[in-house]
Amino acid sequence: MKEKPIIYQLLPRLFTNPCNSCIPRGTIAENGVGKMNAIDHKVLRSLKLLGVTHVWYTGIIEHATCTSYAARGIEPCNPHVVKGQAGSPYAIIDYYDVDPDLAVSVKHRMAEFESLVARTHDAGMKVIIDFVPNHVARQYHSDSKPEGVEDLGENDDNTMFFSPNNNFFYITGQPFAPSVDMGKGKTAYVENPARATGNDCYNASPGKNDWYETVKLNYGIDPWNGHRHFRPVPSTWHKMLHILQFWADKGVDGFRCDMAHMVPVEFWHWAIEQVKTAHPAIIFIAEIYDPALYRSYIYDGGFDYLYDKVSLYDTLFNTLKHNASASHITQCWQSIDDIKEHMLNFLENHDELRIASPQFCGDAMLAIPAVVVSATMSTCPFMVYAGQELGEPALDAEGYSGRDGRTTIFDYWSMPTVRTWYAGGKCSVAGLTAAQKTLRRFYQRLLRLCNSEAAISQGAFFDLMYVNNHSLNAHDHFAYLRHHKGETILVVANFGNETAHLCVNIPQHAFDCLGLPCGDQRCTELLTDAIMTQSLQPDRPFVVTVPAHNAVMWKMTPAVK
């Protein structure tokens, strides 16, 4: 049976960190750090039982940090160009190395990563890591690159703002002077000439909200006139392809490509094709925020999946947070219907607000209808962020980013809900609250259904809202069918504050289009195991009750007479 990818994102730095007394802006000595080795067979087995098919290990590749490993032969970073004590996983400082924070033995950090890959595979899951192609840390330098590999910027001509042969863009004649403290004297960070900053800031003075800790990579497009210099193939293309091949050869099964739309689609076409020639099963996921580019990055670039952030995520966010109408969900699927299997749905990741945070829902249970819709309305992948299944509220002001409703990616920290579940390696629900146990059971049931029910993993989708304008409240309710080879699932989500007793019309067109059987059906509610018998007819509504802020998934099979 075709697998629907269920991706679980976790930061090893946070995930197995047992420290229960973290202090804001604490060092690694004060707050501790999670290790790859601690993600053992027991942890992975628990994730597999949750319904996970792919684990996205965030922050594997070595990035800039305030922690010094100079004694281990790793060049230290200037703290003035590091965000937080631990540093951003998206400010890569050595594309050919593993973050030493994550290793029990720094000397053997790559071997520990390779063991993590092997353990994940042994547990029946696949491995995704980040590929960060748009920018690097300001002090990028690889001390682990293979013999014969040239460093990024190593042979650049820094007297030219743009050259197709350069890896960076140089603000000639101007020193780097951001609107943040770069220090004084011997400890100051000095860069002259300045290089363009990762978020396309092509001047020497980025602001504090810019990605000032990163440097933009040059893929052969002149920012001033837009001219594209792709023949001969630019130096950056060759170097980034080699990095992709290096990690693919380590057994990685996929790449989540950071800010993919900031890198020309022509590079992706050229690189993905070559990686897939050697590794046909590998997948590429694009973080992309411009719907106008969706089809190009799939059909021209070669991406398998794209973030559906500005369509479905934003719609569900507004429905939950701002009481927007659930009817807008129909517009979401209509806008990407031809590429729906290439989208990737989610309600949390490291960039977004935690559902249970005060800045979002305040209670993870209120998002159940949105989670069900996001996970089941398509065959496309669904992603969960570590702690989402436990209602992690992100209440702490951990350091660099403050109390912002997100889990820090910049600091050494520990997530209270995950730490309680992890329980020093026991992976036990014993210490969880009753509400946390209920939520985790819901996620486990739902995520497993995504692949145990062929109608969800492979089936057709049929929106029922157009024939239910009067029987349902389109502001609060959303109903659809999933169908595959004689099995039909009716999904009804209730975003409202009151229990809904609904009569759902299923039109003749659905019977004709999907080949639905008429007559009595044995109906099983997949989230609760409730059972009933109803007649499935185009002229007779299907009667359901849906609690407030909840959803039902009624699976129908012909009743045995």
Main chain of [Y], side chain of [X]: is a donor-acceptor contact present, judged purely on distance under 3.5 Å?
X    : Y    : value
T53  : I6   : yes
S205 : A177 : yes
T379 : E341 : no
S335 : C332 : yes
D210 : N199 : no
R482 : A460 : yes
H342 : D304 : yes
E3   : P5   : no
E398 : T408 : yes
N349 : D351 : yes

Would you say the side-chain atoms of [X] and [Y] include a donor-acceptor pair closer than 3.5 Å?
X    : Y    : answer
D249 : H279 : yes
Y480 : T376 : yes
E287 : Y289 : yes
S163 : D157 : no
Y385 : E352 : no

Any Lys/Arg nitrogen of [X] or [Y] sitting under 4.0 Å from an Asp/Glu carboxylate oxygen of the other?
X    : Y    : value
R13  : D101 : no
K340 : D337 : yes
R195 : D156 : no
R25  : D411 : no
D258 : R256 : yes

Fit a plane to each ring of [X] and [Y], take the angle between them on a 0 to 90° scale, and name the class: parallel (under 30°), tilted (30 to 60°) or perpendicular (over 60°).
X    : Y    : value
W333 : F461 : perpendicular
W270 : F267 : tilted
W268 : F131 : perpendicular
H322 : F317 : perpendicular
F303 : Y297 : parallel

Name each donor-acceptor pair under 3.5 Å that joins a side chain in residues 237-245 to protein atoms two or more places apart or in another chain, with its distance.
from	atom 1	to	atom 2	distance (Å)
W237	NE1	Y219	O	3.0
K239	NZ	E150	OE2	2.8
K239	NZ	D151	O	2.8
K239	NZ	N167	OD1	2.7
H242	ND1	Y96	OH	2.7

Answer yes or no: is there a side-chain heavy-atom contact under 4.5 Å between [X] and [Y]?
X    : Y    : result
M36  : I60  : yes
Y8   : L447 : no
K321 : L353 : no
Y90  : T58  : yes
P234 : N218 : no
I285 : I7   : yes
V491 : V373 : no

How about H269: does its NE2 atom have over 12 heavy atoms from other parts shown lying under 6.0 Å from it?
no

State whether the number of non-hydrogen atoms from other residues, nucleotides or ligands found under 6.0 Å of K216 atom NZ is greater than 12.
yes

May I ask you to check if K83 and Y212 form a cation-pi contact, with NZ or CZ under 6.0 angstrom from the six-membered ring centre and within 45° of the axis?
yes

Could you tell me if R138 sits above the aromatic ring of F176, with its cationic atom closer than 6.0 Å to the ring centre and no more than 45 degrees from the axis?
yes

With respect to F346, which candidate in Y307, W56, F382 satisfies the ring-ring contact (aromatic ring centres under 6.0 Å, His included) definition?
Y307

Dump the intermediate steps for side chain to side chain contact (heavy atoms under 4.5 Å, CB included) on I283 and I128, then the final yes or no.
CA-CA 9 Å; I283 63 172; I128 295 171; 4.2 Å; yes

Apply side chain to side chain contact (heavy atoms under 4.5 Å, CB included) to I221 and list each qualifying residue two or more places apart in sequence or on a separate chain.
R228, F230, P264

